Asks: 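Next up is a structure, given as structure tokens.
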Amino acid sequence: MGATMIERATVKNLVTGARVQLRLEQDRVRALELVTAADAMLADIDADAQARADMYASVSALWLDLGDERRSEQRIVQAIEAEAQVTPARHVILGTRRLFYAKLLHAQRRFADAARHASEGLAIYAQGVEPDSPELARLKVHFAPILQDAPERSSVAGALRAMGERLCAVATGSEAEIRGALGIPTTPPPLGASECLVTAGELSRASLELRFTAGTLTRRELDETFGPAHVLPRTGPFASHTLGYALRVPGTPARISLYALFATTPGPGTSAKSILLRIDPA
């Protein structure tokens, strides 16, 4: 397939060709050329959520086969986010995509995130099959080693710190850049949050807010992870109690101001109701 034909080809055709070259012809160079062309077309595709999810997932699998875990992760995150918008929901497919991502994360030794995606992926998959499904039973056995690395509550703060460090790479504050820097889907919300909001900045480059249910994250866990907190003054008798933490990564274009909001005066065991990660120029 020459350059002109590549330009005219669809993502689906390029993906099929890349699979043939990689798995049948064992021509990695040609497969890489085709999947690179397919990947470049993804930004301009005009398709519904289901079609986009399928294309992202196909390209992600090829990138992984070719050994590019970074690009594979970028595309599977997009596949999961697109799949979450498909109606009616395809529970088996969404669950399968989350399980694919869990295996990729586990291979990178990102055990907490891997366990979380494996657990949530199995739960989503189960919504699409009968309770006694043999395939569901097989998947539970297969992913048991990953689930054994499920994080304790305190590691939510550690995962939050890792998220903040990745956000230090944000240079413009665009929503697309934030989602890319996170490296994990925001739908469903990460880290066990009930809601995730990405907001373009006014006084800052941008911000990311995570809202948590009671018992998910305490002040003690935040202090142990981010260091001593700065207590911010309340803005009124019914305002939240707010603690501030700072996070920087040398050499990155941004710094993170983390604000933890509490319904009551935060003692060591008090649960935060939300976390705001504000992205500012370094």
Side-chain angles (χ1 to χ4, degrees), residues 53 56-57 60 69-70 72-85 89 94-125 143 146-147 149-170 173-199 206-218 221-222 225-226 245 247 249 254 256 258-261 271-279:
Y56 287 137
S60 173
E69 293 184 351
R70 181 186 64 81
S72 178
E73 180 173 358
Q74 179 184 20
R75 294 312 182 195
I76 196 59
V77 165
Q78 291 176 308
I80 291 169
E81 291 181 339
E83 188 65 46
Q85 300 171 14
L94 178 56
T96 300
R97 302 210 196 290
R98 295 288 293 271
L99 294 173
F100 175 94
Y101 190 28
K103 292 181 72 172
L104 175 59
L105 291 166
H106 197 262
Q108 296 175 343
R109 304 186 65 79
R110 293 158 62 183
F111 299 126
D113 285 339
R116 188 160 30 254
H117 279 279
S119 177
E120 293 173 1
L122 288 170
I124 293 169
Y125 190 102
F143 282 90
I146 293 179
L147 292 170
D149 291 316
E152 299 295 333
R153 274 181 44 200
S154 60
S155 70
V156 173
L160 186 63
R161 182 180 182 89
M163 178 183 289
E165 290 174 348
R166 290 196 293 271
L167 289 175
C168 285
V170 169
S174 71
E175 183 172 344
E177 185 186 21
I178 291 171
R179 294 183 187 279
L182 283 174
I184 55 176
T186 55
T187 305
L191 309 187
S194 60
E195 193 172 357
C196 177
L197 304 173
V198 178
T199 306
S207 63
L208 177 81
E209 183 179 4
L210 295 168
R211 296 175 181 172
F212 294 102
T213 56
T216 303
L217 185 65
T218 66
E221 293 158 356
L222 289 166
T225 302
F226 294 95
Y245 303 85
L247 179 60
V249 175
I256 301 299
L258 185 150
Y259 299 104
L261 280 66
S271 297
K273 64 178 185 178
S274 67
I275 298 292
L276 180 71
L277 296 160
R278 194 182 73 187
I279 307 168

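Quantities reported herein were computed from a predicted structural model and do not represent experimental measurements. Positions are given from 1 along the sequence.
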Asks: Within the distance-only criterion (no hydrogens, no angle test), does the side chain of Ser271 pair as donor or acceptor with the backbone N or O of Gly215 below 3.5 angstrom?
Replies: yes

Asks: Minimum heavy-atom separation for Val198 and Glu175, please, with both atom names.
Replies: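 Of all heavy-atom pairs spanning Val198 and Glu175, the closest is CG1-CG, 4.0 Å.
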
Asks: Closest heavy-atom contact between Ser194 and Thr213?
Replies: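 Where Ser194 meets Thr213 most closely, the heavy atoms are CB-CG2, 4.4 Å.
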
Asks: Using the side-chain contact (heavy atoms from CB on, under 4.5 Å) criterion, which residues pair with Ala79? Sequence neighbours excluded.
Replies: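 So Ala79 forms a side-chain contact (heavy atoms from CB on, under 4.5 Å) with Tyr56, Ala57, Ile76, Arg97.
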
Asks: Would you compute the distance between atom OG1 of Thr216 and atom CG of Leu160 and round it to the nearest 0.5 angstrom?
Replies: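 The CG atom of Leu160 is 11.5 Å from OG1 of Thr216, to the nearest 0.5 Å.
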
Asks: Any chance you could measure Arg161, atom CZ, to Arg166, atom CZ, to the nearest 0.5 Å?
Replies: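 The CZ atom of Arg161 sits 12.5 Å away from the CZ atom of Arg166.
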
Asks: Supply the atom-to-atom distance Leu217 CG to Leu222 CG, rounded to the nearest 0.5 angstrom.
Replies: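 Result: 4.0 Å between the selected atoms.
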
Asks: Which heavy atom of Ala102 sits nearest a heavy atom of Ala118, and at what distance?
Replies: CB-N, 3.6 Å

Asks: Residues in ring-ring contact (aromatic ring centres under 6.0 Å, His included) with Phe226, at least two apart?
Replies: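 ring-ring contact (aromatic ring centres under 6.0 Å, His included) list for Phe226, sorted by chain: Tyr245.
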
Asks: Kindly determine whether Ile178 and Ile279 satisfy side-chain contact (heavy atoms from CB on, under 4.5 Å), including the steps that lead there.
Replies: CA-CA 10 Å; Ile178 291 171; Ile279 307 168; 4.1 Å; yes

Asks: What closest approach, in Å, do Leu277 and Leu167 show between heavy atoms, and which atom pair accounts for it?
Replies: CD1-CD1, 4.0 Å

Asks: Quick one: list whatever passes side chain to side chain donor-acceptor pair (under 3.5 Å) with Ser274, sequence neighbours left out.
Replies: none

Asks: Which heavy atom of Ala181 sits nearest to which heavy atom of Val170, and what is that distance?
Replies: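 Taking every non-hydrogen atom into account, CB-CG2, 3.9 Å.
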
Asks: Nearest 0.5 Å, please: how far is OG1 in Thr96 from CG in Leu122?
Replies: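 Rounded to the nearest 0.5 Å, the CG-OG1 separation comes out at 9.5 Å.
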
Asks: Could you work out, with side chain to side chain donor-acceptor pair (under 3.5 Å) as the rule, every residue matching Ser119, not counting sequence neighbours?
Replies: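 So Ser119 forms no side chain to side chain donor-acceptor pair (under 3.5 Å) with any residue.
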
Asks: Apply salt bridge (charged side-chain N to carboxylate O under 4.0 Å, His left out) to Arg211 and list each qualifying residue two or more places apart in sequence or on a separate chain.
Replies: Glu195, Glu209

Asks: Sequence neighbours excluded, which residues qualify as side-chain contact (heavy atoms from CB on, under 4.5 Å) partners of Cys168?
Replies: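 Val249, Thr252, Ile256.
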
Asks: Please list, chain by chain and in numerical order, all residues satisfying ring-ring contact (aromatic ring centres under 6.0 Å, His included) with Tyr101, sequence neighbours excluded.
Replies: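 With neighbours one apart ignored, the set is His117.
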
Asks: Tell me every residue that passes side-chain contact (heavy atoms from CB on, under 4.5 Å) with Ala193, counting only those two or more places apart in sequence or in another chain.
Replies: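 Applying side-chain contact (heavy atoms from CB on, under 4.5 Å) to Ala193 gives Pro189, Leu210, Phe212.
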
Asks: Closest approach of Ser72 and Ser60, non-hydrogen atoms and distance?
Replies: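 Taking every non-hydrogen atom into account, O-OG, 2.8 Å.
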
Asks: Can you list the residues that meet the salt bridge (charged side-chain N to carboxylate O under 4.0 Å, His left out) rule with Glu120, with sequence neighbours excluded?
Replies: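 Salt bridge (charged side-chain N to carboxylate O under 4.0 Å, His left out) list for Glu120, sorted by chain: Arg98.
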
Asks: List in chain and number order the residues that pass salt bridge (charged side-chain N to carboxylate O under 4.0 Å, His left out) with Glu69, two or more places apart in sequence or in another chain; answer none if no residue qualifies.
Replies: none

